[in-house]
Amino acid sequence: MDMRMTKNRWLLAAGLVAFALLPWGLGVYHQHIMIVSLFYVMMAASWNLLAGYTGQVSFGHAAFAGIGAYASGILAAKAGVNPWVGVAAGTLLAAIFGFLVGILCLKLGGIYLSLTTLGFSEILHIIINNEYEITRGTMGLQVPGLLSEYSKLAYFYIFLAGALLTLGVVYRLIHSDLGLNFRAVQNDERAAASLGVDVVKVRVLAFTVSSALAGMAGALYGHYLLLITPQIPSLDQQFLVLSMTVIGGMGSFVGPVIGAFGLEILSEYIRAYGEYHVLAFGLVALAVARFAPRGMVGIFRSVWERRRQAAVHPSLPAESP
Amino acid sequence: MDVALLQGRGLSKRFGGVQALEEVDFEVQAGTIVGLIGPNGAGKTTLFNIVAGTFPPSSGVVLFGGRTITGMPAFRICRQGIARTFQVTRPFGEMTCLENVAVAAVNRHPGCPKEQWMTLARESLAAVGLEALKDTAAKHLNVVQKKRLEIARSLATEPTLLMLDEVLGGLNTQEIQEAIGFIRRLRDDRGLTVFWIEHVMGAIMQATEKVIVLDQGRVLTVGPPREVVADERVIHAYLGD
Ligand SMILES: Nc1ncnc2c1ncn2[C@@H]1O[C@H](COP(=O)(O)OP(=O)(O)OP(=O)(O)O)[C@@H](O)[C@H]1O
Ligand SMILES: [Mg+2]
């Protein structure tokens with residue numbers, strides 16, 4: 001058991017090093033895909049914390065990324081603030097908004113929470129479009145980069161650090177006492193409360209942390225693209241993140257990572273056939289939610305379980321569950 | 001000693017057109033096992049829900065240890081030392097049995113080292129004889145096991161007052177005897193006070209010191225179990241006119 005643990009840890013470390021070295025052998029275009037994938041890892045993993053672990057299916061996650069991006073971008077472009085300070089400010093602002101929306105959504109569950117967060121996201125859109133002087137609307141706001149010299153390779157490492165930080169925060173939370181409370185609230189709120197779980201605190205905390213992480217992701221992304229448009233807090237983006245999480249495996253730690261890379265890479269290939277890929281992903285996500293609610297991770301797991309059982313009981317046919 | 005650990009004063013609860021409780025007064029003395037009986041729909045579970053903070057009463061007060069807890073949120077009432085089981089069990093289906101109990105234990109000892117609350121969780125699960133199923137997802141349990149899990153979770157909150165809502169359903173005669181022994185030991189060995197809704201009259205007769213009878217939202221009578229079951233009005237309430 002312990003041996004296997006250390007072996008797994010070494011494998012993980014080796015895989016991570018290999019991944020970190022990968023962009024050196026790639027061209028600019030593929031480096032770009034990896035950076036965008038890492039952005040989606042941050043988005044999907046933090047949305048998963050909220051939706052997958054506390055059952056609050058928010059449609060406002062892209063909006064929180066937008067808050068981070070615009071806050072940081074505006075501070076840097078209009079007030080000359082250092083972009084890194086801007087990222088911190090954007091993260092903080094997203095956390096504050098997450099806290100407030102979390103409280104607003106407290107009494108709401110299921111579809112009502114989804115609708116409220118959808119409304120929040122639409123309001124943000126209207127503000128961005130109307131405050132043209134500040135946000136430049138759909139034209140987009142030009143913002144400075146994070147580094148004095150633009151380098152895809154450097155951005156890759158910044159985004160890798162951001163993704164690892166996000167995953168680290170999520171991992172720590174779900175493996176702490178709080179993780180137990182998260183899952184209890186998701187399974188049965190009333191039973192959780194009867195056992196001493198402060199449901200209000202748990203739900204608002206998940207909302208705040210998840211929004212802060214989305215804000216950080218959005219802020220970093222804005223300073224990478226150098227142009228912030230309403231595409232960042234768009235519903236397209238929201239449904240892409242949702243599809244990544246659901247298809248990868250909602251409520252599992254690695255699911256969003258698999259989903260983010262898988263769908264981002266895939267969308268680069270099918271983009272050639274038109275801009276309908278988000279719609280297609282959405283439909284696949286619906287099917288997955290219906291027929292394989294644990295996503296790819298769940299499918300891998302059950303196949304692996306079967307093979308292991310077949311190895312233990314060779315007489316059993318491999319197909320039997 | 002006649003210390004009322006739990007008291008209700010003039011408790012009423014209305015659901016739309018249904019008067020589930022009307023001006024109910026009751027007392028549960030510390031260290032006793034008190035039965036709560038009455039025909040279906042009498043308001044027993046509603047009374048538990050009010051005490052446990054699932055919803056507030058329409059009027060009236062609940063006192064625990066002499067202090068009012070009326071309208072407090074459920075998690076705070078739990079932390080005051082009141083635990084309850086649900087008549088229709090509410091397991092965390094996707095979590096293992098041990099995790100189910102650990103939720104209760106960790107909120108009893110927030111910020112304490114994991115070994116401490118995991119020990120409490122394991123002990124509580126073992127107390128109801130479910131340790132062999134500790135890694136099984138709760139949704140795979142049968143009804144009787146789910147009721148045991150309810151009790152294990154309640155015990156892991158380390159309550160002073162344990163409220164049981166029909167935990168004997170589905171048990172055979174011998175299992176009922178074992179369950180009665182178990183509940184009595186909770187009181188005798190751990191000093192728990194037990195407030196117990198049960199339809200199995202034999203269990204109420206054997207285990208309780210006092211029985212409160214509810215009928216149509218009102219207290220019909222209160223007294224020692226032998227007197228209560230012999231009471232004309234009680235027989236009438238159960239058998240109908
Ligand atoms: N949440 C609720 N909303 C509306 N009506 C309710 C609610 N809870 C209980 N009632 C109604 O209040 C009355 C008392 O119900 P309660 O569940 O307290 O009865 P009970 O004594 O526990 O019955 P049983 O022995 O069948 O469990 C019933 O008429 C019931 O339909
Ligand atoms: Mg009942």
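Just so it is clear: chains get the letters A, B, ... in the order the sequence lines come, proteins before strands, and each one is counted from 1.
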Can you name the nearest heavy-atom pair linking [X] to [Y], along with the distance?
{"X": "F92(B)", "Y": "N187(A)", "result": "C-OD1, 3.4 Å"}
{"X": "A184(A)", "Y": "M95(B)", "result": "N-SD, 3.8 Å"}
{"X": "V106(B)", "Y": "D177(A)", "result": "CG2-CB, 3.4 Å"}
{"X": "A102(B)", "Y": "L180(A)", "result": "CB-CD1, 3.8 Å"}
{"X": "E94(B)", "Y": "R183(A)", "result": "O-NH2, 4.3 Å"}

When you compare the side chain of R90(B) with that of R190(A), does any pair of heavy atoms fall below 4.5 Å?
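Of all side-chain heavy-atom pairs linking R90(B) with R190(A), at least one is under 4.5 Å.
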How far does OG of S194(A) sit from CE of M163(B), to the nearest 0.5 angstrom?
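With rounding to 0.5 Å, OG (S194(A)) is 9.5 Å from CE (M163(B)).
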Between CG on residue L195(A) and CZ on residue R84(B), distance to nearest 0.5 Å
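Between atom CG of L195(A) and atom CZ of R84(B) there are 10.0 Å.
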By number, which residues in residues 43-78 of chain B have some heavy atom less than 4.5 Å away from chain A?
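Interface residues of residues 43-78 of chain B: T54(B), A74(B), F75(B), C78(B).
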Heavy atoms of other groups near [X] [atom1], more than 12 under 6.0 Å:
{"X": "K139(B)", "atom1": "NZ", "result": "yes"}
{"X": "F182(B)", "atom1": "CZ", "result": "yes"}
{"X": "K134(B)", "atom1": "NZ", "result": "no"}
{"X": "R187(B)", "atom1": "CZ", "result": "yes"}

Which region of R153(B), side chain (C-beta onward) or backbone (N, CA, C, O), has a non-hydrogen atom less than 4.5 Å from a non-hydrogen atom of chain A, or is it both or neither?
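Both parts, heavy atoms under 4.5 Å.
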For N181(A), is it the side chain, the backbone, both or neither that has a heavy atom under 4.5 Å from a heavy atom of chain B?
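It is the side chain, since no backbone atom gets that close.
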